[in-house]
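Residue numbers begin at 1 in each chain, while the letters A, B, ... track the order of the sequences.
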Amino acid sequence: MNIALLTSEIAVLVLGLLIIIFDVLIPRQETHRSLGYIAACGVLAILVHSMTQYGAAATVYQGLFVVDNLALFFKQLFLAATFLTLLFSVEYVEKWIQNSGEFYALLLFALLGMMVMASANDLITMFIGMELMAIVFYALVGFELRSKKSSEAGMKYLMLGAASSAIMLYGMSWVYGFTGSLVLSQIAVKATASPAMLLGMGLMLAGLCFKLSIVPFHMWAPDVYEGAPTPITAMLAMGSKAAAFAVLIRVFLIAFSDLQEYWATIVSLLAAASMIVGIVVAIWQTNIKRMLAYSSIAQAGYILSGLLAGNVAGVKGMLFYAVLYMFATAGAFAVSTAVKNHNGSDEIEGFSGLAQKSPLLAVVMTISLLSMAGLPPMAGFVGKLYLFTAIADKGYLWLVILGFVMSMISVYYYMLVVKTMYSKARDQQEFVVRGSLQVVAVISLLASLFIGIYPGPLAKLANFAAQALW
Amino acid sequence: MNEWAYTAAFFIFAAVTVASAVGVVTKNDLVHSSLLLALCFVGVSGLYVLLQADFLAAVQLLVYNGAIAIVFVLGTMLTRRSIRHGTNHSEADAPSRLIGLISGLFVAVTLGVIATTPWNYSSAGAVQDTPAVLGRLILTDYMIAMEVAAVLLLAAMIGAIVLAKGVDEE
Amino acid sequence: MFSQYALHHAWLIPLLPVIAFIIVGLFLRRIPVLSAAVSVCMSLLSFVLALGVGYGVIDQLITVDNPLIQRMPWLVIPGLTIDMGVYIDPLSAVMLIVVTLVSLMVQIYSIGYMRGDAGFGRFFAYLSLFSATMLGLVIAVNFVQLYVFWELVGLCSYLLIGYYFHKVSAREAAKKAFITTRIGDFGLLIGIVLLQILFGTLDFQHLGVSVPAYVAQQGTGLLTVVALLIFLGPIGKSGQFPLHVWLPDAMEGPTPVSALIHAATMVVAGVYLVARAFFLFSVLPNAMEVIAWIGAFTACFAASIAFTQRDIKRILAYSTISQLGYMMLALGVGSVTASMFHLTTHAFFKALMFLAAGAVLHGLPDKNDIFAMGGLRHKMPVTFAAMTIGVLAISGIPPFAGFFSKDEILLAASQVSMPLYVIAVLTSFMTAFYMTRLLVVVFCGPEKPDNHPHEAPVSMRIPLVVLGILAIIGGYIPYAYHFGDWVRFGPALHMGLNWTIAGTSTVLSVAAMALAWFIYGSGKATSDKLARRFSALYNLSYHKYYIDELYLWLNHTFVDGFGKLLYWIEIYVIEGIVNGLAHLSLQLGDWLRRKQTGNMQRYGYIMFGAALLIVAGLLLLNPLFKGVLCGGGY
Amino acid sequence: MANFPLLTAILLTPICGILVLFFLPREANKMMKMIAAVTMAVALGLTVYAYWAYDVALAGMQFTEDIPWVADLGVHYALGVDGISLPLLLLTMLVGFSTVFVSWNVNERPKEFFIQLLVLVVGAAGTFVTQDLLIFLLFYELWVIPTYIMTVVWGSDKRVTKEYAGMKLTIYLLIGSAFLLAGVVALYLNAYPAGLRTFSMEALAQAHALGNLSEHVQIVVFFLLLIGFGSTLSMWPLYSWAPDGYAAAPTGVSMLHAGVLKKVGGYGLIRVGLLVLPLGAKFWAPFIALVAVVNILYAAFITLVQKDLKYLVGYSSISHMGYVLIGFAALNVISIDGAVANMFAHGVMCALFFALIGQVYDKTQTRHIPDLGGLAHQMPRVATGLMIAGMSSLGLPGLVGFIPEFTIFVGAFKEYPFYTLLAISGIVFTALYILRVLANVLFGPRREEFDACRDVSGVELIPLVVLGTVLVVFGVFPQLLMGMVNSGVEPLMPLLNQLHAAPTLLGGVFQ
Amino acid sequence: MIGLAHFLTVAAMVFAIGLYGLLTKRTVVGILMSIELMLNAVNINLIAFSRFITPDVLTGQVFVIFTIAVAAAEVAIGLAMVFRVYRDRNTVHAARLNEMRW
């Protein structure tokens with residue numbers, strides 16, 4: 001047993017506690033902006049440190065906690081997402097959220113939950129990590145105390161999230177009941193297509209789909225995304241979703257890999273439904289966060305489809321896509337945050353004239369949205385290509401066609417935003433953008449383009465990570 | 001243990017559990033619901049005893065009855081009385097028949113599953129010293145989960161405080 | 001020596017006017033004197049070269065069977081090689097001379113006629129291009145070259161007919177000319193494509209060898225179709241029935257253009273095409289018969305319209321159609337010689353008449369109606385003389401040019417088919433009648449008081465004189481020098497006069513002229529009475545058998561109607577489907593978003609329903625689903 | 001000079017222009033246009049040099065470059081041109097060069113405009129020079145966003161609003177490309193077993209010879225490609241983006257779209273459809289031929305009743321694409337020669353048409369045909385240009401349009417006599433609508449309301465001169481074009497012969 | 001003889017009842033209670049399995065401990081949220097929480 005493998009998690013926890021302490025120590029008239037920067041620096045440091053951990057494939061505590069490349073890949077994804085979120089949220093938090101110390105600390109605890117999820121190799125650890133993340137997010141969604149929407153969103157998220165946890169737990173209990181084990185690899189050994197197993201698997205899938213906001217378990221997402229503070233919305237889209245995917249990949253490709261012929265059909269239908277619903281409903285949205293919520297539903301459908309391949313290529317596609325989606329989302333939410341800070345509204349109309357007021361942000365938004373849509377040469381295209389080659393190889397050509405068609409339709413509403421940005425400005429107010437937010441914008445822009453044009457390195461890394469499962 | 005007594009005890013606890021659960025969801029007054037919920041938890045802890053999980057039965061009574069149910073009662077009291085009376089009806093426009101159907105189907109499916117699954121019963125005897133075994137498990141194998149649960153409770157506390165405290169009216 | 005040079009540089013003949021076109025069109029448009037000078041000089045050079053070619057043909061004993069051909073590859077792809085080249089034989093030599101001569105005359109004439117016109121330079125550029133394209137057509141070595149210049153001739157006629165583009169009528173006439181001939185070209189193009197596919201070549205010389213061989217082997221069935229398709233081109237271009245409608249309207253162009261179109265370029269291109277491709281037609285008796293009958297019918301039909309027309313140029317136009325019918329008839333009965341002979345003489349006297357008519361119009365601006373003229377012979381003696389010569393020539397009065405060529409056609413027709421001969425003779429009678437009518441009404445009788453005619457300027461009179469002389473001697477000289485020995489298809493043809501036929505036609509022509517004089521010239525003015533008596537026939541003829549109206553109606557009802565119908569389908573069906581699909585997905589989105597009521601219990605309800613469905617699907621339906629949705633194949 | 005990456009240089013020139021423009025201050029209006037013009041002039045010059053330096057006798061891919069790009073997908077940055085792509089590259093640069101001058105009067109946010117214009121050029125040029133299917137798609141999709149933004153910002157409303165038209169164009173083409181992408185993915189997976197997979201067009205083309213692509217797969221994949229490329233090419237009934245889009249887009253975009261982007265569809269059909277999936281092509285060819293005839297006649301009839309100049313040209317270009325399609329469908333060297341050459345010819349002609357319509361619209365503020373008339377009085381140069389474009393459109397010999405059409409007819413007649421007959425009848429209707437519009441717009445009485453309209457002059461004249469000259473020169477010397485095209489198509493002869501000889505399992509159900 | 005099936009049946013019924021309550025109760029407090037019922041059903045399941053399938057390792061019981069902890073945390077956050085909502089809107093009706101929709 002090697003405690004060193006847990007360095008990242010411990011560091012995150014310590015960082016979170018430090019933030020709480022600093023929050024108390026810092027005098028009241030201070031803006032608490034420094035807390036955000038401390039957190040960001042700390043996360044960055046952990047991210048950099050975690051680079052050294054590649055190649056390890058060890059487990060801690062009787063194989064219940066595994067540190068392999070896949071886990072590490074996801075952890076770095078979460079760290080990067082948190083880092084970007086912290087950077088662009090400083091001004092937002094200062095402006096709209098009172099309890100900034102608690103905010104940053106809880107965000108770090110959520111990060112810890114995600115990291116645990118990525119490494120969890122048994123159902124209990126997995127569950128507890130997921131609940132840590134979820135409960136923190138329930139609180140954070142309702143953290144914008146002056147906003148009625150925020151509390152409503154928090155309430156909805158909590159109720160539905162708890163209900164979905166119950167469903168998943170119920171499913172887990174059946175899986176445990178049939179196999180007599182909670183460890184994934186042992187479940188895999190004993191799993192057969194018995195009714196109890198299928199019932200448990202189905203309910204677990206349903207519970208996970210809730211976290212992934214897969215149709216028809218998606219209905220909370222738009223409301224919660226809309227009501228939550230923008231950085232939290234971003235984290236929900238980037239982090240919580242990716243963490244659920246980490247769990248999904250492990251559970252379905254290790255524990256339930258022998259039952260693939262059973263779940264594949266269901267998963268393909270769920271993926272297809274997500275693509276369709278996410279995209280056709282997004283067309284109607286006038287609120288940028290709500291629109292991005294529907295878009296993220298569709299994106300989840302795309303990532304989910306990679307599971308169907310059930311091989312390295314498929315997982316590689318999922319990992320690749322999760323990363324590029326993370327960057328695109330960071331860019332889009334960073335710009336949304338800037339706009340909200342500017343005019344206090346999340347409505348898409350508020351973006352009008354952005355291209356003249358701040359060309360950089362307009363370009364970042366455009367590139368991010370189109371990366372989500374999957375237009376070359378943005379990263380989203382290559383991501384879809386990896387996913388779809390993997391699943392088409394398994395014969396899901398219908399899903400490939402559907403996916404491509406829906407992604408092209410999605411351009412419609414992304415374009416509406418782009419059009420708004422390039423139309424005439426409503427007001428002539430000076431548009432001030434904080435440096436840290438600009439950093440995020442530029443990072444996401446460069447990442448979206450670089451990954452799209454030269455996907456080699458990331459693909460190699462994703463491949464490396466995906467191989468950890470086999 | 002006596003076979004008959006065991007069976008009788010099971011049916012009593014089961015009946016208490018299910019009946020009070022039904023009461024929880026059908027009672028109109030939230031306070032009644034809360035109290036029935038506590039009763040239900042008692043029934044459940046009785047079932048735990050029958051399943052030879054004494055420690056957990058105790059925890060159930062302590063945590064659920066002692067903490068959660070009380071919190072519910074408090075929560076109900078704290079919100080104004082007017083919303084308590086006559087407002088715990090079922091939602092008027094909720095398709096309660098359909099929901100009933102779904103719930104019924106759910107039970108039916110589950111019963112089918114129970115009936116058709118070839119369970120791998122273990123013939124091993126039950127562990128007698130459950131608290132010790134549980135303690136060892138939690139502090140060794142499930143160490144990380146334990147720690148995470150601790151963080152979870154901390155986070156929940158922080159979150160609950162911030163949320164409940166509300167906006168500072170400066 | 002010069003003839004050698006001319007023979008080997010015959011490609012210069014079309015190229016010189018092209019150069020004139022480029023120079024004038026690009027640089028000299030605004031300088032009238034220079035533009036005219038350049039054009040005329042180039043035309044003159046072409047004419048001299050053409051004469052050289054003509055002399056060379058005789059001198060070098062180049063015959064129809066032994067042509068002089070130069071080729072240069074123009075398009076080479078496997079399976080389709082197209083050359084541009086020069087095909088010199090007596091047939092093309094005659095055409096070269098006729099075309100260059102007439103266009104030279106017309107250009108000289110235009111100096112006077114167009115003086116002061118704002119588009120003087122442009123006009124000369126177009127004229128040069130027009131003769132260039134016609135000359136290119138004449139020397140074509142294969143069907144594609146021919147088609148290329150054929151179309152370009154069409155373009156030039158379009159430009160020139162629509163020269164007065166501010167006039168709506170000119171604009172419409174130009175359009176009509178282009179589109180009507182296009183319909184013919186459609187057939188021609190298909191014919192050419194078919195020939196290429198059947199024989200793998202379009203070269204006249206090679207086809208001349210392979211067509212008879214093909215007929216010997218495969219029979220005439222398919223080839224007849226091909227030939228008739230090709231003949232559609234000449235029908236359009238040479239104004240044969242039923243595509244003749246553009247030709248009278250083409251009068252909207254300036255008169256020199258009419259002269260050029262009607263005498264030497266454009267319309268005779270069709271005749272020339274049939275003559276050039278005679279190796280093809282001559283082996284297909286059915287096709288020949290069709291050509292002959294279309295020619296005969298057109299000749300008679302156009303003459304019957306010309307009877308009642310009042311516009312001086314229109315009468316001439318219908319006479320052109322009629323004469324072209326003659327030429328086609330001659331070709332149809334197998335006599336290239338007669339056809340080409342008539343083409344030559346017709347070029348002279350028709351150009352003469354048009355230029356004379358132009359002189360009349362020049363003297364009497366803004367008047368086209370012959371009944372508004374009258375008594376011009378005093379004020380315009382030269383013009384009167386020219387017109388008289390022309391009328392005598394076209395009526396076939398010996399020894400004018402028309403007599404010999406028309407006689408040749410009648411002879412050829414009589415040898416093949418009696419009905420054709422009768423129609424031809426009848427047409428000859430009618431021709432003499434309406435041409436005399438024109439002459440008498442315009443030049444004789446009393447002068448109209450409000451007319452102030454004046455004789456044309458010198459530059460316009462010179463061509464009249466030259467062409468007048470040619471219209472007199474242009475028939476006898478070829479006759480005397482055995483035109484048929486040279487320009488022929490098959491064995492040499494020694495022309496002789498059949499005195500019975502010649503006599504009959506001459507007598508009839510004289511009679512017709514006398515009748516016309518009686519009706520129109522004697523002052524008894526019985527024309528109106530006649531018109532009233534036969535009002536139905538008169539109206540039919542005067543309104544050109546309502547063919548224009550028919551076409552207009554067809555075009556309006558079917559082409560535009562069909563277009564409107566399709567546009568309706570486009571908007572309401574095709575676009576409708578596209579917009580419908582978009583609308584459908586929008587509606588789907590709207591419907592789905594209305595499910596998002598904001599009520600969390602509704603969400604939970606759907607969630608649990610879905611979870612139940614998943615479980616049910618896993619438990620029950622899975623084996624059924626599997627094969628359907630992920631069947632492994634495409 | 002032998003190793004000079006000429007094609008990369010051609011692609012990089014506009015990209016450099018974009019970068020320079022990006023860093024120019026917003027106010028440097030004139031400067032931006034000059035830079036765009038110079039950039040395009042250099043690119044055009046390099047392309048002309050490539051055209052001149054290409055060894056027709058040697059044929060095959062020349063100026064090739066090949067750098068591995070994405071190893072795990074088998075993507076290479078592979079460039080190269082042959083006789084099929086080089087004319088189209090030249091077309092791109094010619095049209096691109098012209099559009100800069102056509103857009104000379106854009107004074108509203110010129111920076112964004114010219115950047116996006118150059119992006120369009122890069123996108124088009126890239127599709128023609130790349131030899132890797134994925135890079136091809138990359139360039140192919142580069143069009144979408146600039147087109148949309150340019151239409152919405154600088155476009156004009158007509159029968160429909162510009163927002164609607166731009167969106168329709170964008171989404172329509174994108175959905176087409178979705179099928180295309182799916183087809184490419186299926187092709188990529190089936191061509192080679194895992195591990196050896198590649199997007200290299202050359203390698204994919206060999207997959208058929210190796211027997212890796214079954215007829216079944218080829219038929220399905222070709223169908224998917226046909227939807228994609230067909231909607232780009234405005235194949236019936238997948239074209240309804242075109243008329244609205246052209247009408248709404250600013251002139252430069254209309255020119256590039258109708259002149260160049262449409263050709264990407266045809267090029268793709270030949271380069272990917274035919275070379276990689278010959279059996280699929282053979283299976284669908286009769287169907288394509290049928291659709292081609294519908295294209296020609298249906299669109300021609302609709303063109304007849306159009307009242308807006310841009311709609312007219314839009315529908316007419318749909319009609320013309322029918323010739324390309326039937327040339328492709330005949331699947332023999334002559335017809336494909338014709339099809340490729342016709343793409344070039346139509347591109348230049350259509351671009352000229354749109355350029356002049358843009359000028360007319362600029363000066364008269366209307367494109368409604370009944371409102372126009374007699375413009376030859378005030379604008380003789382525009383009139384000359386329109387005449388040349390119109391005559392080329394109706395296939396007048398001596399202009400570039402004729403020989404391609406003729407070769408298409410010759411090639412196609414062997415395979416589809418009846419369809420070709422109908423296709424040839426299209427020339428009559430083309431003449432009808434072209435002459436009508438010329439007559440109604442240019443000729444007729446002088447109208448005083450247009451007396452203030454000045455004829456084109458100065459830089460506005462450049463597109464007219466450049467494109468007009470190309471139309472005439474390539475028309476008079478068709479071998480300049482056909483020789484080049486044929487050097488690209490002739491190597492297909494063995495494949496095509498084999499195709500005609502081989503009976504296929506499912507082939508010919510549409511015959 | 002009371003066996004596994006009996007306990008599972010009771011659990012299923014409690015779960016279904018909780019589910020019914022979750023979807024039909026009017027106030028968020030009631031909904032929270034229903035969720036607690038569902039979690040208890042899970043716990044019964046886990047302990048029953050622990051007893052009959054793996055009586056020697058008790059993993060099911062460990063799981064139940066964590067479940068109870070999580071349930072407590074959820075209730076804490078949930079009630080805090082109820083206060084907030086109540087303070088914001090003066091109501092705890094689930095159906096009124098529909099400002100965000102469509």
Side-chain angles (χ1 to χ4, degrees), chain C residues 73-80 82 122 133 144-145 147-152 154-155 158-159 162 165-168 170-172 174-176 178-179 181-183 185-187 189-190 192-194 196-197 555 559-560 562-567 569-571 573-575 577-579 582 633-634, chain D residues 168 171-172 186 190 216-217 220-221 237 240-241 298 301-306 332-334 337 374 376-377 387 391 394-398 402-403 406-407 409-411 413-414 420-421 424-425 427-429 431-432 435-436 438-439 442-446 477-479 482-483 485-486 489-490 493:
Chain C
W74 189 55
L75 174 71
V76 187
I77 56 179
L80 181 67
I82 293 167
R122 181 164 63 95
T133 53
V144 173
Q145 185 181 2
Y147 183 81
V148 166
F149 287 106
W150 176 276
E151 287 283 303
L152 287 174
L155 169 72
Y158 173 78
L159 292 173
F165 60 79
H166 55 86
K167 279 164 63 185
V168 173
R171 172 184 101 180
E172 296 303 314
K175 196 171 82 183
K176 188 170 176 183
F178 202 114
I179 289 168
T181 53
R182 248 295 144 129
I183 295 172
D185 299 347
F186 156 65
L189 190 59
I190 296 175
I192 292 175
V193 168
L194 274 168
Q196 165 70 28
I197 286 164
N555 184 14
V559 179
D560 282 354
F562 197 51
K564 284 196 182 104
L565 177 71
L566 288 182
Y567 194 50
I569 291 177
E570 164 80 7
I571 297 290
V573 179
I574 305 264
E575 295 267 296
I577 289 173
V578 172
N579 289 336
Y634 298 107
Chain D
K168 184 170 175 182
I171 300 298
Y172 210 115
N190 282 286
H216 187 63
V217 169
V220 172
V221 173
S240 68
W241 58 272
Y298 178 88
F301 273 107
I302 290 180
T303 316
L304 275 172
V305 296
Q306 292 308 311
N332 58 48
V333 171
I334 298 178
D337 268 340
H377 294 281
M387 281 292 288
M391 289 299 153
L394 57 75
L396 190 82
F402 167 67
I403 281 294
F406 181 72
T407 41
F409 294 149
V410 170
F413 211 101
K414 291 178 201 164
T420 312
L421 215 62
I424 297 177
S425 77
I427 65 169
V428 177
F429 302 110
L432 197 55
L435 292 178
R436 265 192 201 175
L438 291 182
L442 300 180
F443 307 134
R446 186 188 189 101
F477 304 104
Q479 194 62 19
M482 298 303 287
V485 170
N486 189 52
V489 177
E490 209 178 342
M493 202 184 261

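- For chain C, the nearby parts of D:Ile427 are the backbone and the side chain; heavy atoms of each come within less than 4.5 Å.
- The OG atom of D:Ser240 sits 7.0 Å away from atom CG of C:Asn579, with the distance rounded to the nearest 0.5 Å.
- At a 4.5 Å heavy-atom cutoff, the contact between C:Gln196 and chain D is made by side-chain atoms alone.
- For the options D:Val333, D:Val428, D:Leu432, D:Val485, heavy-atom pairs under 4.5 Å to chain C are most numerous at D:Leu432.
- Exactly one of C:Thr133, C:Asp185, C:Thr181 qualifies for a side chain to side chain donor-acceptor pair (under 3.5 Å) with C:Trp150. That residue is C:Asp185.
- With respect to chain D, the highest number of heavy-atom pairs below 4.5 Å among C:Ile183, C:Val559, C:Val168 belongs to C:Val559.
- Contact annotation for D:Ile171: neither backbone nor side-chain heavy atoms come within less than 4.5 Å of a heavy atom of chain C.
- Atoms CZ and CG, on D:Phe443 and D:Leu435 in that order, are 9.0 Å from each other to the nearest 0.5 Å.
- Note on C:Leu189, C:Leu566, C:Ile569: by heavy-atom pairs under 4.5 Å with chain D, the leading option is C:Leu566.
- Of the listed residues (D:Ile424, D:Val489, D:Leu304, D:Thr420), the greatest number of heavy-atom pairs within a distance under 4.5 Å of chain C belongs to D:Ile424.
- For D:Phe402 and C:Tyr147, the gap between ring centers is short of 6.0 Å.
- If you measure heavy-atom distances from D:Thr303 to chain C, you find no contacts under 4.5 Å at all.
- Both the backbone and the side chain of C:Leu75 come within contact range of chain D, each with at least one heavy atom under 4.5 Å from a heavy atom of that chain.
- Between D:Phe429 and D:Phe301, the two ring planes are tilted [angle within 30° to 60°].
- Of the atoms belonging to C:Leu159, it is side-chain heavy atoms, and not backbone ones, that fall under 4.5 Å from chain D.
- The nearest pair of heavy atoms linking C:Phe165 to C:Arg171 is O-CB, 4.5 Å.
- No more than 12 heavy atoms of other residues, nucleotides or ligands lie within 6.0 Å of CZ in D:Phe477, so this atom counts as exposed by the packing criterion.
- For the options D:Phe409, D:Phe406, D:Trp241, heavy-atom pairs under 4.5 Å to chain C are most numerous at D:Phe406.
- Looking at D:Met391, the atoms closer than 4.5 Å to chain C (heavy atoms on both sides) all sit in the side chain, from C-beta outward.
- Per-residue heavy-atom pair counts under 4.5 Å with chain D were compared for C:Ile82, C:Leu152, C:Ile179, C:Leu155, and the maximum is reached by C:Ile179.
- A salt bridge does not link C:Lys167 with C:Glu172: none of the charged nitrogens is closer than 4.0 Å to a carboxylate oxygen.
- When D:Val410, D:Asn486, D:Asp337 are each tested for a side chain to side chain contact (heavy atoms under 4.5 Å, CB included) with C:Leu80, only one passes: D:Val410.
- Contact of C:Val578 with chain D is made through the side chain alone, with heavy-atom distances under 4.5 Å.
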